[in-house]
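Have a look at the structure below before the remarks.
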Amino acid sequence: MPSRLAERLAQHTPGAHAKKTFFVNSGAEAVENAVKIARAHTGRRVVAALDHAFHGRTSLTMAMNHRVAPYGTSFGPFAPDVQRVPNSYPIRDGLTGAQAAARTIEYLEQRIGTADLAAIIAEPIQGEGGFVVPADGYPPALQEWATQNGVVFIADEIQAGLGRTGTWFASEFFNLVPDLVLTAKGIADGLPLAGITGRAEIMDSAHPGGLGGTFGGNPVSIAAAHAVLDLLETGAPFAQAARIERTLTDGLQSLAQKHVVIGYIRGYGAMIAFELLEPGTTIPLAGLASQIAAHAAKRGVLLLTAGSYGNVIRFLPSLAVTNEQIEVALEVIGEALAAYNVA
Ligand SMILES: *Cc1c(COP(=O)(O)O)cnc(C)c1O
């Protein structure tokens, strides 16, 4: 039942406040509806997204993405009243969470102003942006500023949420309690479903008939999501995520000792990435990332590159991946580094 699933999401999303959930069919649709709800609630028009963000491929969400290529190229014009502001990207900005938040807030105040700002949307750990983990304290500082200024804070947990990082939600790493939390991707294990779960008084802002859709909350997807939550509630997937994190980070750290181009191994659970950098610098080596991915594909290992500079290799495996499979992937990456890396 959709209402029972909403209760379960209310229980597991951060914060003990009264919550409601609206079910739709895809992540992008969840983002779109969160923006509509925030606008109705605040009576304001602008939504702010962060540098290196990814929020989807629909008309509104492609305007919210950091990268125009490949998501927006040739698909304009783009939706107005979307602004992007700097995020926290510790190796590149060298700022603490508080400093990075102060910089973001300065941009928000100067470029948009609180009178017009409906919402800030942030991925607590960025996905397509290269698994960028913000500095400690950054997300809650933004939430605090948002609350003080009547701005809705939306956490896009579509990639990082629901067990992937070894916690229910990545927001937990930062003690972040967002106003709205978006879920999709893993929620129904491949069937189309997404949710907007948020403070009841915000969720109730839209007028009757204003939000909806033909297929949202369809019974088959809802049943699949109940099965996913049943599994998560056993705790077993969290243990798997922790195992994957250990195997991957240990393996990558030993590779990094041989190959100095591996920098900044980061992430949690089954969401781990590393950057390829010119040794001793933060200069991205995008070409090497594609060479490694191409070599790995020939050896039967499919790697995903990521990041605004194209130099990140990310691991986003199923929680069922075995340590042996991870070892094979790492071995193939080692081979490719030995073949292509001159440093
Ligand atoms: C995948 C993704 C989306 C879009 O979800 P779709 O279901 O593909 O529309 C939005 N935000 C984040 C962070 C994502 O990873």
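Bear in mind the structure is a predicted one, so any value in this text is a computation, not a measurement.
- With Glu128 as the fixed residue, the salt bridge (Lys or Arg N to Asp or Glu O under 4.0 Å) test singles out one of Arg67, Arg57, Arg314: Arg314.
- Not one N or O on the side chain of Lys258 forms a donor-acceptor pair closer than 3.5 Å with the backbone of Gly334.
- Residues Thr61 and Gly56 approach most closely at OG1-C, 3.1 Å, considering heavy atoms.
- Taking 4.0 Å as the cut-off between side-chain N and carboxylate O, Arg8 and Glu233 count as a salt-bridged pair.
- Smallest separation of non-hydrogen atoms from Glu327 and Thr247: OE2-CG2, 3.7 Å.
- Without hydrogens or angle criteria, Glu172 side chain to Phe169 main chain gives a donor-acceptor distance under 3.5 Å.
- Each of Ile120, Leu108, Val46 was scored for a side-chain contact (heavy atoms from CB on, under 4.5 Å) with Gln83, with one residue passing: Val46.
- Two residues are said to be in side-chain contact when any heavy atoms from C-beta on lie closer than 4.5 Å; Val181 and Trp168 fail this criterion.
- By the 4.5 Å heavy-atom criterion applied to side chains, Ile244 and Phe315 are not counted as neighbours.
- Shown here for Val312 and Gly307, the closest heavy-atom pair between the two residues is CG2-CA, 4.1 Å.
- With hydrogens and angles ignored, the 3.5 Å screen pairs a side-chain donor or acceptor of Asn65 with a backbone N or O of His55.
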task: Run the numbers on His66 and Asn87 for side chain to side chain contact (heavy atoms under 4.5 Å, CB included), then give the verdict.
output: CA-CA 11 Å; His66 178 86; Asn87 68 337; over 6 Å; no
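- Placement of Val321 and Phe238 in two distinct hydrophobic clusters is found when ILVMFWY residues are connected by side-chain heavy-atom separations under 4.5 Å, directly or transitively.
- Formation of a donor-acceptor pair under 3.5 Å by the Ser221 side chain with backbone atoms of Asn218 is not found in this model.
- Remark: the backbone N or O of Pro70 is not paired with any side-chain donor or acceptor of Thr73 at under 3.5 angstrom.
- No more than 12 heavy atoms of other residues, nucleotides or ligands shown are found within 6.0 angstrom of CG on Asp189.
- Side chain of Gln99 to backbone of Thr96: a donor-acceptor contact under 3.5 angstrom is found.
- Applying the salt bridge (Lys or Arg N to Asp or Glu O under 4.0 Å) rule to pairs touching residues 284-310 yields Arg299-Glu335, sequence neighbours excluded.
- Ser88 contributes a side-chain N or O that, together with a main-chain N or O of Ala135, makes up a donor-acceptor pair within less than 3.5 Å.
- Hydrophobic clustering (side-chain heavy atoms under 4.5 Å, transitive across Ile, Leu, Val, Met, Phe, Trp, Tyr) groups Leu276 together with Leu248.
- Taken from CE in Met203 to CG in Asp179, the straight-line distance is 11.5 Å, to the nearest 0.5 Å.
- Within 6.0 Å of the OH atom in Tyr71, the count of heavy atoms belonging to other residues, nucleotides or ligands exceeds 12.
- When all heavy atoms of Leu60 and Ala79 are compared, the pair lying nearest together is CD1-CB, 3.8 Å.
- At distances below 3.5 Å, at least one donor-acceptor pair connects side-chain atoms of Asp156 with backbone N or O atoms of Ile158.
- Remark: side-chain polar atoms of Arg164 are not paired, donor with acceptor, to backbone N or O of Ala170 under 3.5 angstrom.
- For Arg266 (side chain) and Phe131 (main-chain N/O), a donor-acceptor pair under 3.5 Å exists by modelled atom type.
- With ring centers used as reference points, Phe153 lies 6.0 Å or more from Trp145.
- Residues Gln159 and Leu316 share a closest heavy-atom pair of OE1-CD2, 3.5 Å.
- The salt bridge (Lys or Arg N to Asp or Glu O under 4.0 Å) pairs that include a residue from residues 82-110 are Arg92-Glu275, Asp93-Arg103, where partners are two or more places apart or lie in different chains.
- No more than 12 heavy atoms of other residues, nucleotides or ligands lie within 6.0 Å of CZ in Phe215, so this atom counts as exposed by the packing criterion.
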field: side chain to side chain contact (heavy atoms under 4.5 Å, CB included) between Leu252 and Thr249, intermediate numbers included
entry: CA-CA 5 Å; Leu252 288 173; Thr249 47; 5.7 Å; no
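- Of the residues listed (Arg45, Arg44, Arg111), the one engaging Asp116 in a salt bridge (Lys or Arg N to Asp or Glu O under 4.0 Å) is Arg45, and it is the only one.
- Checked by atom type, the side-chain pair Gln143/Thr147 shows a donor-acceptor distance below 3.5 Å.
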- prompt: Yes or no on side chain to side chain contact (heavy atoms under 4.5 Å, CB included) for Phe75 and Val68, after CA distance, side-chain angles and deciding distance?
  reply: CA-CA 10 Å; Phe75 300 141; Val68 71; over 6 Å; no
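- Residues that satisfy the side-chain contact (heavy atoms from CB on, under 4.5 Å) test with Glu29, not counting sequence neighbours, are Val24, Asn25, Ser26, Asn33.
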